[in-house]
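Below is one structure, written out as structure tokens; comments come after it.
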Amino acid sequence: NVELIQMDILEVHLLKEKFDIIECGGVLHHMSNPSEGLKKLLSILKDNGLLKLGLYSKLARQDIIKARNYITTKNLQTKGDNDDTIRNFREVVFSGKLSELNSLKEYADFYTLSSCRDLCFHAQEHRFTLQQLQEMLHSNGLEFLGFYLPTSIKSVYKKYFPKDKKQTNLQNWEKFEEEHPTTFAGMYQFWVYKTKI
């Protein structure tokens with residue numbers, strides 16, 4: 001029996017419950033203060049609990065950053081709630097007039113209005129490096145358990161770093177991402193473990 005509740009992440013303490021497992025994908029990086037959102041989630045996660053997070057990669061989103069810069073330069077952001085603005089933006093990209101944005105056509109999210117709005121027009125977006133990710137996890141007493149990735153990518157990683165059997169060394173993943181910058185094109189999706197402090 002599952003009950004769905006919609007509420008502000010900053011008010012999760014009102015649930016007056018603690019959880020063994022929490023999943024939070026694509027939320028924190030749109031908050032004005034992602035760290036505050038994380039702390040609120042951790043306040044309702046039991047010690048030894050598991051947390052799955054999804055956060056944007058700064059390196060993987062270089063194409064999106066270019067698109068967002070173009071949108072800001074052309075003052076399209078304020079019109080982003082207007083479907084015609086998004087359609088017109090996509091038409092310009094499809095025309096090939098903006099060769100630096102051609103790679104947007106490779107994103108499935110570019111092909112629907114609501115997804116394109118989230119992809120390129122979202123009012124607020126934070127992106128993270130793996131170094132920042134590591135610092136955030138360390139400062140919150142979280143142990144990194146691994147990325148949620150296709151087996152094919154994990155197999156390539158294994159060739160680079162065969163000694164990292166659990167594939168949890170974030171310094172290694174940082175080197176891997178530099179070599180393969182689209183690895184986390186969707187998001188960094190990963191599990192962490194809340195250790196007792």
query: Taking side chain as C-beta onward, heavy atoms only, is D164 less than 4.5 Å from Y160?
result: no
Item to complete: For side-chain contact (heavy atoms from CB on, under 4.5 Å), just list the numbers for V92 and L101, CA-CA rounded to whole Å, side-chain angles, deciding distance to a tenth of an Å, and then say yes or no.
Response: CA-CA 10 Å; V92 172; L101 300 183; over 6 Å; no
Here the salt bridge (Lys or Arg N to Asp or Glu O under 4.0 Å) pairs for residues 9-30, sequence neighbours left out, are D20-K46
Working for ring pair (Phe, Tyr, Trp, His ring centres under 6.0 Å), residues F161 and W173:
CA-CA 9 Å; F161 304 103; W173 277 108; 8.0 Å; no
Given the side-chain rings of F89 and F121, with only the six-membered ring counted for Trp, is the space between their centroids under 6.0 Å? yes
- request: Verify, without hydrogens or angle tests, whether W191 (side chain) and L53 (backbone) share a donor-acceptor contact under 3.5 angstrom.
  value: no
### Message
Can you confirm if the NZ or CZ of R61 lies within 45° of the ring axis of Y56 and under 6.0 Å from the centre of its six-membered ring?
### Response
yes
Value for CG (N75) from OG1 (T72), rounded to nearest 0.5 Å, stands at 8.5 Å
For Y148, the other hydrophobic cluster members (4.5 Å side-chain criterion, sorted by chain and number) are none
Open item on the list: Do L104 and L98 have side chains that approach each other closer than 4.5 Å (heavy atoms only, starting at C-beta)?
Closed with: no
Residues joined to I65 in its hydrophobic cluster, side chain to side chain under 4.5 Å directly or through other members, sorted by chain and number, are none
Within the structure provided, determine whether I22 and K52 are in side-chain contact (heavy-atom separation under 4.5 Å). no
Exercise for review: State plainly whether the residues R127 and E125 are in salt-bridge range, i.e. N to O under 4.0 Å.
Suggested key: yes
- Query: So V27 and I9, side-chain contact (heavy atoms from CB on, under 4.5 Å) or not? Walk me through it.
  - Reply: CA-CA 9 Å; V27 177; I9 196 171; 4.1 Å; yes
Quiz item: Does atom NZ of K58 have more than 12 heavy-atom neighbours, drawn from other residues, nucleotides or ligands, at distances under 6.0 Å?
Solution: no
ask   = Can you check whether K105's main-chain N or O pairs, donor with acceptor, with R90's side chain at less than 3.5 Å?
value = no
Please check if the distance between the ring centroids of H138 and F144 is under 6.0 Å. no
- Task: Could you walk me through whether M31 and H126 pass the side-chain contact (heavy atoms from CB on, under 4.5 Å) test, one step at a time?
- Result: CA-CA 8 Å; M31 296 181 70; H126 295 276; 5.8 Å; no
Would you say Q134 and Q171 are linked by a side-chain donor-acceptor pair, where the criterion is simply a distance under 3.5 Å? yes
Would you say the side chain of H29 lies within less than 4.5 Å of the side chain of P34, judging by non-hydrogen atoms?
no
dist L51:CG -> L38:CG (nearest 0.5 Å) comes out at 6.5 Å
Report the C-alpha distance between Y157 and L149 in whole Å, list the side-chain angles of each, state the deciding distance to 0.1 Å, and finish with yes or no for side-chain contact (heavy atoms from CB on, under 4.5 Å). CA-CA 11 Å; Y157 176 91; L149 285 167; over 6 Å; no
message: Could you tell me if the side chain of M187 sits less than 4.5 Å from the side chain of S57, heavy atoms only?
response: no
NZ/K158: more than 12 non-hydrogen atoms of other groups inside 6.0 Å
no
Rounded to the nearest 0.5 angstrom, the OG1-CD distance for T129 and E178 is 10.0 Å
field: Heavy-atom side-chain contact between L145 and V192 under 4.5 Å
entry: no
**Q.** Intermediate values then yes/no, ring pair (Phe, Tyr, Trp, His ring centres under 6.0 Å), F176 and F184
**A.** CA-CA 11 Å; F176 185 86; F184 301 102; 7.8 Å; no
Can you confirm whether the side chains of N48 and K194 place a donor and an acceptor under 3.5 Å from each other? no
*Checking T182 side chain against A185 main chain: does a donor-acceptor pair fall under 3.5 Å?*
no
Rounding to 0.5 Å, atoms SG (C120) and CG (D63) come to a distance of 10.0 Å
Separation between CD (E143) and CG (L50), nearest 0.5 Å, reads 10.0 Å
